[in-house]
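All remarks here apply to the structure that follows.
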Amino acid sequence: MDLETGVYQNRAKVDSWKTVLTLAYQSLGVVYGDLSTSPLYVYQSTFAGEDIQHTETNEEIYGVLSFVFWTLTLVPLLKYVFIVLKADDNGEGGTFALYSLLCRHARVSSLPNFQLADEELSQYKKDNKKLCNTGLGSSLKSMLERHRVLQRFLLVLALVGTCMVIGDGVLTPAISDVEVPVACAILIGLFALQHYGTHRVGFLFAPVVLTWLFCISGIGIYNIFRWNPHVYKALSPYYMYQFLRKTQRGGWMSLGGILLCITGSEAMFADLGHFSQLSIQIAFTSVVYPALILAYMGQAAYLSMHHSPEIQIHRIGFYVSVPEKLRWPVLVIAILAAVVGSQAIITGTFSIIKQCSALGCFPKVKLVHTSSKIHGQIYIPEINWILMLLCLAVTIGFRDTKRLGNASGLAVITVMLVTTCLMSLVIVLCWHQSVLLAFCFVVFFGTIEALYFSASLIKFREGAWVPIALAFVFLIVMHVWHYGTLKRYEFDVQNKVSINWLLNLGPSLGIVRVNGIGVIHTELVSGIPAIFYNLGPSLGIVRVNGIGVIHTELVSGIPAIFSHFVTNLPAFHQVLVFVCIKSVPIPHVRPEERFLVGRIGPKEYRIYRCIVRYGYRDVHKDDMEFEKDLVCSIAEFIRSGSIGTNGTIEELEKDEDKMAVVGTCSTHEDGIQISEHDINSTETVGTSEVQEIRSPPVMQRRKKVRFIVPESPNIDTSVREELRELMEAREAGIAYILGQSYMKAKQGSSMIKKLVINYGYEFLRRNSRVASYAFSLPHASTLEVGMVYNV
């Protein structure tokens, strides 16, 4: 259940030219598929309606070319390539990467189980530099941390951008110039291949996109010299002014078609985790950008010399500018390139859903990791088939490139506006630049994007409503899930057990404790869950052999589900471990920082808390190595003795929040190690450099366990005894107790809350996957305990 080896490192980011150029080549197939196919429909969508006409003066064609050139230069090149790409989150990009940066620097995280210890992670990457002397940056940070309304608005803003990316993932595969039956067949085949993984499906994507770019740039050069060598003059901003002055309102409405020239630009930032900043910059500036400019100039040169009715009938499509002998080969390459562009946005949707789920903003889904080497290559079956059905519905329902272009354009420009807003906060709070610089950034790029946004929004009835409807549905799902998750966590926090109550029970907890380790999964990071409350001396509970692992989402305290369990089944294990598996707002957590281990109560109680931290891009392995790492981390914690556990109630309450950072077994080779083997196997003799703590001989045990401890004269008797008890409990086996909570709005709640909790959240919970760690737990040793939460 641990990370794949080495995924926490920034893969393939060695500063060698060979590596950089290889990544730049690979990025052509993954990142630029959508952007490179935009010449297929930009001119066609712009001149498709009655807004503007292609006249003999060529002012419309030249004006559109000028808009396309400056839009490509200012937005993808200047904004994304040279500015936004630098706002990476430890190598990761996308809307949630920006939100993650802001969560760390301003403490506006939506995760309820945040701890100060999370800031000490090596990849937290939080600067300690002071903000600018003007005090505006500090005031902005304080305002965000004080007002919950602003925090919710920031979360909603990030979710809106995310939902629009998902909407674009529905619309992009549906945009093509082929007939509807052929398009549907291509879509079904495309989505059916997704389970093979990106590394198998996309190994030919880079050559396809590269061939397409050379093809359109070559045709563009041919058209320029063949029809109008002076078309370069149209790159002057003067032609934009002439275009708007002549066309006025019609020209403004046609900007929705021009906007399509930058669809796919957001993929440069969203797919940053697969490549590097330099490789993406090289690929765009040296190949993609020149090829696209030549392609648009070539189309404009051809159209400037052709004004026949035949051109108007074909709606000024891409293929009319292609030499007749090359049209069929170009059509085949264009279809392949369109499929590549669709693959890029589908893969991006999988990554976004995974990030949202890890940060508590989307229901749990099945994640299939299709590569053992590249952590970002995942497949989500549920999302894949939902996207396919939506794509087919859009393709069959629209059958019009113009309407699909209007819909896709609005989705793209909304994501860009959200990125601009979040980037302005990153400039102030994360980069510690002046508020004036951030204001200039918003005004300059926000004005350009707002102009396109207004032109797209005005075509609400002509297809632009589709991404709004899709985003609204996904936003409702995300918000309901996030709200229900917070309410469930608040219930656990309000009903957790105090350390004072635990001390009054004594070391036996008022019950008979027997051998074994009990692992209790909880969301609390401190305190005792309220599930412990109903315990008492009169219950006669037996603590049996083994380790009891209780899963909980609490990072403090004991969950209410535990008392519910022991009240109805009065028996538990001699060693109890409350395990909280939590996500932190960074991409990856290094294995040596994986575990936070502490005690609950005095040492003789044998109750531990273990918080297992994962980044939102980390991969969980479904194997039993997690058991070994868990027990080994507790044993290393006992050996190190770093946290004191004896004293007054006040001191114990303070100690409960103190936890030690312990890595996996493979990360502390100089520390304690665990050796496990079947009872019938022959034990090897340890070397003189280590001490072995062996369990006493017993009969009929499944495993033989021993701890290999570094040579040290400072290990006292109490530590040895505690390690021996842990070893005996491990030999007896581990039992996993999983809480299954059922949410219900309490009496007196508003009608909206009842609908959200009783129907919305419960429907999503029943139809979503269980937590990823549950798949790796042995079913014979797992017990689910149900409890109703009245929130």
Side-chain angles (χ1 to χ4, degrees), residues 1-15 88-93 96-97 100-101 103-105 109 111 113-128 272-274 276 351 354-355 358-359 367 369 371-378 430 525 555 579-598 609-623 625-637 639-640 642-643 658-674 772-773 776:
M1 190 172 171
D2 207 340
L3 284 174
E4 297 180 5
T5 306
V7 300
Y8 60 88
Q9 297 177 347
N10 291 327
R11 178 182 55 85
K13 294 187 178 178
V14 181
D15 291 331
D88 66 297
D89 182 19
N90 292 289
E92 301 295 339
F96 257 78
S100 174
L101 284 175
C103 287
R104 300 207 301 269
H105 287 80
S109 176
L111 297 175
N113 53 5
F114 175 77
Q115 295 174 279
L116 291 177
D118 296 339
E119 296 184 359
E120 299 176 1
L121 291 169
S122 59
Q123 293 197 17
Y124 208 85
K125 205 175 182 179
K126 178 178 177 181
D127 296 331
N128 294 321
L272 180 61
H274 298 279
S276 64
S351 299
K354 181 182 184 297
Q355 294 180 16
L359 294 178
L367 296 177
H369 299 278
S371 174
S372 60
K373 298 179 180 179
I374 304 175
H375 66 271
Q377 294 186 356
I378 60 174
C430 305
V525 293
V555 290
V579 173
C580 172
I581 298 178
K582 60 178 287 189
S583 294
V584 291
I586 62 174
H588 309 290
V589 176
R590 299 177 68 87
E592 55 264 30
E593 301 172 325
R594 175 78 62 228
F595 295 95
L596 282 175
V597 185
R609 177 176 307 284
C610 184
I611 300 174
V612 191
R613 301 178 292 185
Y614 289 95
Y616 59 78
R617 293 293 298 266
D618 278 341
V619 178
H620 298 229
K621 271 190 176 180
D622 295 336
D623 55 47
E625 284 299 312
F626 178 72
E627 280 189 7
K628 182 177 180 181
D629 286 337
L630 177 65
V631 176
C632 190
S633 65
I634 296 174
E636 178 64 22
F637 167 79
R639 184 191 70 86
S640 61
S642 57
I643 306 295
K658 297 179 181 178
M659 307 188 74
V661 178
V662 183
T664 59
C665 288
S666 60
T667 60
H668 49 78
E669 297 179 355
D670 56 341
I672 199 168
Q673 298 291 320
I674 185 172
S772 59
Y773 55 76
S776 64

> So K582 and V612, side-chain contact (heavy atoms from CB on, under 4.5 Å) or not? Walk me through it.
Replying inline: CA-CA 6 Å; K582 60 178 287 189; V612 191; over 6 Å; no

> Side chains of F595 and V661: closer than 4.5 Å at any heavy-atom pair?
Replying inline: no

>> Would you compute the distance between atom CG of L630 and atom SG of C610 and round it to the nearest 0.5 angstrom?
In response: 5.0 Å

> Just by distance, do the side chain of R594 and the backbone of R613 share a donor-acceptor pair under 3.5 Å?
Replying inline: yes

>> One thing to verify: whether E593 and R590 come together as a salt bridge, which I'm taking to mean a side-chain N less than 4.0 angstrom from a carboxylate O.
In response: no

>> On a heavy-atom basis, which atom in F637 and which in A660 lie closest, and how many Å separate them?
In response: CD1-CB, 3.9 Å

> How long is the span from the CD1 atom in I611 to the CD1 atom in I581, to the nearest 0.5 Å?
Replying inline: 11.5 Å

